[in-house]
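Structure, as structure tokens:
All ligand and atom numbering here is 1-based and tracks the order in the structure.
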Amino acid sequence: MSVSKLEIKEGVPLSGHTTIGVGGRARFFFSCGSVEHLRTGLLFAKEKGLRAHILGGGSNTIIADAGFDGVVLKIDLQGVRMHEEGAWLFLSAAAGEKWDELVKTCVERDAAGIECLSGIPGTVGATPIQNVGAYGQEVSETIVSLRLMDRDSLEMLEMDGRDCEFRYRQSRFKSREKDRYIITEVTYRLRRHASPEVEYPELARHLALASDLGKLEGGRASLKAVREGVIALRRKKSMVIDPSDPNSRSVGSFFLNPVLTDEELRPFQERCRKSGEKGPVSTFRMESGTKIPAAWLVEHAGFSKGYVKGGAGISTNHALAIVNCGGTAKEILALAEEIEKGVYNRFGIRLEREPVIVG
Ligand SMILES: Cc1cc2nc3c(=O)[nH]c(=O)nc-3n(C[C@H](O)[C@H](O)[C@H](O)COP(=O)(O)OP(=O)(O)OC[C@H]3O[C@@H](n4cnc5c(N)ncnc54)[C@H](O)[C@@H]3O)c2cc1C
């Protein structure tokens, strides 16, 4: 396909393509509705000697104020295929499909496995990148395969979900093979007519309190009740995108929950004890160590919800969400740095950022 058949835009403002709403312009911008569009866009970037950036829904992306002096390829591939095999529903969704629409479809079809991931913004193609997770579920539990384009050879390949090296908010696409592939389609395997397994205590409590017992099937919450419960909990924390909620002008959680090895955990506990802290009430034991709630670290380092510095602030509903209060990317990142320093000075822990910074 020649470039002329693909609409190239120049100097496109990118802030409106992200949920946090900051940042400058893209030198070139392509909306890619097919694999051929992606190839053309990558070749165009190569010919011009420019970098290419892959943009999904922009819900985990911060664009620099100076913008991106390269080619933005916006993933607009659409289409969902489904087939049933015994107890399973296999669902292959193009990378540009909206994630939450897919979750809604699955819940409506009574297929279990991703209902706790309701209300998360962004696209299907981005879900494997950081192994999207919430309320006790991660996409790694249901992804069986991916279709990808190698950005160098421009060839298409298939990858088994088990080869994606999924971990807590991690995959090979975010670590050793960062920027190597473009994901064009993801296949999920869901359980048909199965009851949801609710493991996350906050969600289980919420559902147990659900006064509308019609929402319960055989004493267990229905998929629909789980989806509604998750969205209700997320809404209270401004973790669903809502134009009328200024706290949702964010990238969701800005920092990952640190996972400490036993060697790291001891000095942390000692530090807490010496400074009179009781330590986080809810830590979580994982194979790789102990997960410490980053929100607790942030608040106990002195950054309370609602703290504002210039045009950036901490959500009044969630200590981990940095919110755009009419500011710039520079102000957002300056606040992130201030928090990181504060947490390090108090607890000796270096917070890791979740969003991708572009430009
Ligand atoms: C209010 C709010 C709540 C959130 N809650 C959660 C949550 O509970 N759990 C969670 O895990 N995340 C959460 N997030 C973060 C975010 O929604 C997810 O990470 C989401 O998967 C990002 O999707 P996106 O399409 O917007 O990705 P983008 O921000 O556009 O891109 C993110 C990264 O993925 C890459 N990428 C995107 N698409 C592709 C592709 N097709 N192929 C290759 N690379 C690609 C980009 O280059 C970039 O590096 C939240 C964000 C917000 C704003």
Side-chain angles (χ1 to χ4, degrees), residues 14 17-21 23 32 35 38 42 51-63 68 70-78 93-100 102-103 114 116-140 146-151 159 164 166 168-175 177-186 200 203 230-231 233-243 245-257 315 317-318 320-324 353-359:
L14 291 175
H17 288 279
T18 67
T19 52
I20 197 161
C32 299
V35 164
L38 290 172
L42 287 173
R51 284 176 300 147
H53 177 74
I54 309 304
L55 183 67
S59 62
N60 215 11
T61 297
I62 296 176
I63 309 285
F68 181 64
V71 181
V72 167
L73 303 180
K74 169 93 171 67
I75 303 294
D76 284 328
L77 291 92
Q78 301 294 317
E97 289 286 336
K98 286 199 172 93
W99 169 252
D100 193 46
L102 194 76
V103 178
I114 53 175
C116 295
L117 304 176
S118 293
I120 299 179
T123 55
V124 161
T127 60
I129 304 287
Q130 69 156 3
N131 181 20
V132 158
Y135 294 96
Q137 260 175 3
E138 290 183 335
V139 285
S140 56
L146 308 175
R147 269 183 75 69
L148 318 147
M149 181 186 286
D150 186 310
R151 287 177 59 163
M159 190 180 287
C164 296
F166 287 128
Y168 164 64
R169 294 303 169 277
Q170 263 298 354
S171 71
R172 65 194 280 177
F173 313 114
K174 205 181 159 187
S175 50
E177 288 185 321
K178 191 172 179 302
D179 294 336
R180 172 158 182 199
Y181 300 109
I182 302 178
I183 296 168
T184 60
E185 187 181 75
V186 186
Y200 200 80
L203 179 58
V230 167
I231 291 177
L233 289 174
R234 295 185 70 93
R235 198 171 286 286
K236 275 195 210 156
K237 300 174 191 168
S238 299
M239 282 288 145
V240 283
I241 297 295
D242 176 352
D245 178 359
N247 279 306
S248 74
R249 287 184 81 189
S250 75
V251 286
S253 298
F254 204 97
F255 303 106
L256 298 175
N257 294 317
S315 161
N317 295 326
H318 197 309
L320 278 193
I322 296 186
V323 174
N324 173 10
R353 294 179 187 182
E354 194 181 300
V356 176
I357 320 289
V358 179

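Within 4.0 Å of ligand 1, heavy atoms belong to protein residues Thr19, His53, Ile54, Leu55, Gly56, Gly57, Gly58, Ser59, Asn60, Thr61, Ile75, Ala95, Ile120, Pro121, Gly122, Thr123, Gly125, Ala126, Ile129, Gln130, Val132, Gly133, Ala134, Arg169, Tyr181, Ile182, Ile183, Arg234, Met239, Ile241, Ser250, Val251, Gly252, Glu354, Val356.
None of Ser248, Ser238, Ser253 except one satisfies the side chain to side chain contact (heavy atoms under 4.5 Å, CB included) rule with His318; the exception is Ser253.
Residues Arg180 and Asp150 form a side-chain contact, since some pair of their non-hydrogen atoms from C-beta on lies under 4.5 Å apart. Residues Met149 and Val35 form a side-chain contact, since some pair of their non-hydrogen atoms from C-beta on lies under 4.5 Å apart.
Glu354 CD to Ile322 CD1: the interatomic distance, rounded to the nearest 0.5 Å, is 11.5 Å. In this structure, Leu117 CG and Thr127 OG1 are separated by 9.0 Å, a value rounded to the nearest 0.5 Å.
For the salt bridge (Lys or Arg N to Asp or Glu O under 4.0 Å) test, residues two or more places apart in sequence or in another chain that qualify with Arg235 are Asp242.
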